[in-house]
Protein chains: 2
Amino acid sequence: MKTEDELRDLQMLQYRIRSYGPGKMVYGAHDPHAFVYNIISGWVAISHDLLDGQRQISQFLTKGAIFGLRPEGLVSNGKSAMALDEVTVCAMPAANLSVLLNSHPQLNRRLVWMMGRESLITENRLAFVGQTSALTRIANLLMELTVMATRKLAHMADSKIRLPLTQSQIADATGLTAIHVNRMLRKLREDRVLDFHDGILTLMNPDALKTLAQLGDEIADAWVID
Amino acid sequence: MKTEDELRDLQMLQYRIRSYGPGKMVYGAHDPHAFVYNIISGWVAISHDLLDGQRQISQFLTKGAIFGLRPEGLVSNGKSAMALDEVTVCAMPAANLSVLLNSHPQLNRRLVWMMGRESLITENRLAFVGQTSALTRIANLLMELTVMATRKLAHMADSKIRLPLTQSQIADATGLTAIHVNRMLRKLREDRVLDFHDGILTLMNPDALKTLAQLGDEIADAWVID
DNA sequence: CGTGTGTTTGACATACCTCAAAGTCTGTGG
DNA sequence: CCACAGACTTTGAGGTATGTCAAACACACG
């Protein structure tokens, strides 16, 4: 199912279009979140806050992604969604969605697919954060974001891609400190693999990056929303 | 929906009951997995293998959990499911399941709930692996498994719980080495917090453990399958 | 012109890993 | 019954990847 069809279905709901500037929260860690969101444009980061104030970014989302959904009866406290750049979303009351799901098997299947995709991506991130070096984690994350942004895996040398991230956000996603992320980005630049600067990623050597990122072919499929 | 009702529904499928001994693979990293499984008894570990042979355990599952499900069209290579003790599962062809889902909204909702629950748990693990110390990661994992096994959060001092895990498996789940897990377990024993020995966890000081594990109340709800 | 956020760099500290070796227990075959 | 191998655990010594602390720089914003 294409995004356009999906959006048409969503018009049967009391949806609202909302926009958020960079750094604005779509929902906060302790908000009762009664809405489900579909990204129309821009980047959103979903993060999970721990009791001592540490933050783990679990996902980066872009156009077509759905977020804010929760299992009924479970409170997922400590989760928040932040706009990374200028973001436009379609927000609808969660209650209305569950009604629609029963009558629209297509939409239901789409939703199940999205949730499964999300799981794959999160488990992939977990595996890298748990098992690999700082350099590999960063390389893998940048590959993920690149594929999400461009919706393709292969890139020519010196391609430039806009990724509206700070080094600090890369740190929160990879389980590193911003300072160490900075050191690793410097090393990647010195090794002529990539240059990440002011939200612009330059792929100096895409093949080297793919190797460093320990990229399996399969996961890249999940990064692309068709 | 209770497990009994669900099992009754599953009888409409060509399900098969299968058993696996400790260490046996329910499915391997490169198997085409055509089945979906529902655990009747025992523990199963789901893990994600990286290219260089590293392994990350992303979930531990017990009675009532569903696994083996994948988003249509996405190959999730490198994932495997291993029996930790004597495991009995109900296996059904994935194709049959999707037919049933359309006709049984109850089952469909249950499945969506399970997937959401799974996501919460994996994101929680990611946050701990990415952001916390070895001691906290281990404490948090042991709390998770304890709650899954007993289906309740509170425990009296010196309660004993059977958790059929090796230190090496704890290491694979927490992103540590088995050697370091051993050292941390020794420290927990010396600090009279817990003792983990031959698959038996003794909660010497449950409150101290809960604090160490940085346990939020909400996530515990997701650990219990009702 | 000051304040804040993000980046960059250096010196130093440490949590965790690696390597090495011995100990325990179980199962197996002679 | 003994010898052996294999999985898991335990401990020590030493190394290193990453974190911490400190300071300066750049840039945007009011």
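Sequence lines set the chain letters: A, B, ... in the order given, protein chains first and strands last, and positions in each chain run from 1. Side-chain atoms are counted along with the backbone in the values below, which use heavy atoms only and exclude waters and symmetry mates.
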Review point. Does the side chain of A:Q169 reach to within under 4.5 Å of the side chain of A:V181, using non-hydrogen atoms?
Key: no

Practice item. Would you kindly say whether B:H155 and B:T150 are connected by a side-chain donor-acceptor distance under 3.5 Å? Key: yes

Review point. Distance only, no hydrogens: is a donor on one side chain within 3.5 Å (strictly under) of an acceptor on the other, for B:S41 and B:K63?
Key: no

Practice item. Describe the nucleic acid contact of A:G175 in one word from base, sugar-phosphate, nothing, applying a heavy-atom distance below 4.0 Å. Key: sugar-phosphate

Review point. In whole angstroms, how far is the P atom of D:dC8 from the CG atom of B:D198?
Key: 12 Å

Study note, to complete from the structure: Among the nucleotides C:dA20, D:dT20, C:dC17, whichever has the atom closest to the side chain of A:T177 is D:dT20

Practice item. Would you kindly give the CG-to-C1' distance between B:L176 and D:dT10, to the nearest whole Å? Key: 17 Å

Point to revise | Whole-Å gap separating P (D:dT9) and CD1 (B:I170) | key: 8 Å

Review point. Quick one: A:L135 CG to D:dT18 C1', roughly how many Å, whole number?
Key: 13 Å

Review point. Hey, is A:K210 close enough to A:D217 for a salt bridge, meaning N to O under 4.0 Å?
Key: yes

Exercise for review: Rounded to the nearest angstrom, tell me the gap between atom NE2 in B:H180 and atom P in C:dT14.
Suggested key: 15 Å

Exercise for review: Would you kindly give the CD1-to-C1' distance between A:I138 and D:dT18, to the nearest whole Å?
Suggested key: 11 Å

Review point. When the distance from NZ of B:K187 to C1' of D:dT10 is rounded to whole Å, what number comes out?
Key: 17 Å

Point to revise | Donor-acceptor pair under 3.5 Å, B:R189 side chain vs D:dT10 base | key: no

Review point. Is the shortest side-chain N/O distance from B:R183 to OP1 or OP2 of D:dT10 below 4.0 Å?
Key: no

Exercise for review: Might you confirm whether atom CZ of B:R192 has over 12 heavy atoms from other residues, nucleotides or ligands at distances under 6.0 Å?
Suggested key: no

**Study point:** Closest nucleotide among C:dT8, D:dG19, D:dC21 to the A:I179 side chain
**Key:** D:dC21

**Study point:** Atom-to-atom span, CD of B:Q169 to P of D:dT9 - whole angstrom
**Key:** 9 Å

Exercise for review: Look at A:N182 and C:dT7 and indicate whether a side-chain polar atom (N or O) is within less than 4.0 Å of OP1 or OP2.
Suggested key: no

Practice item. Output the single nucleotide from C:dG10, C:dC17, D:dT11 whose closest atom is nearest the side chain of B:R186. Key: D:dT11

Review point. Any side-chain N or O of A:Q167 under 4.0 Å from OP1/OP2 of C:dT5?
Key: no

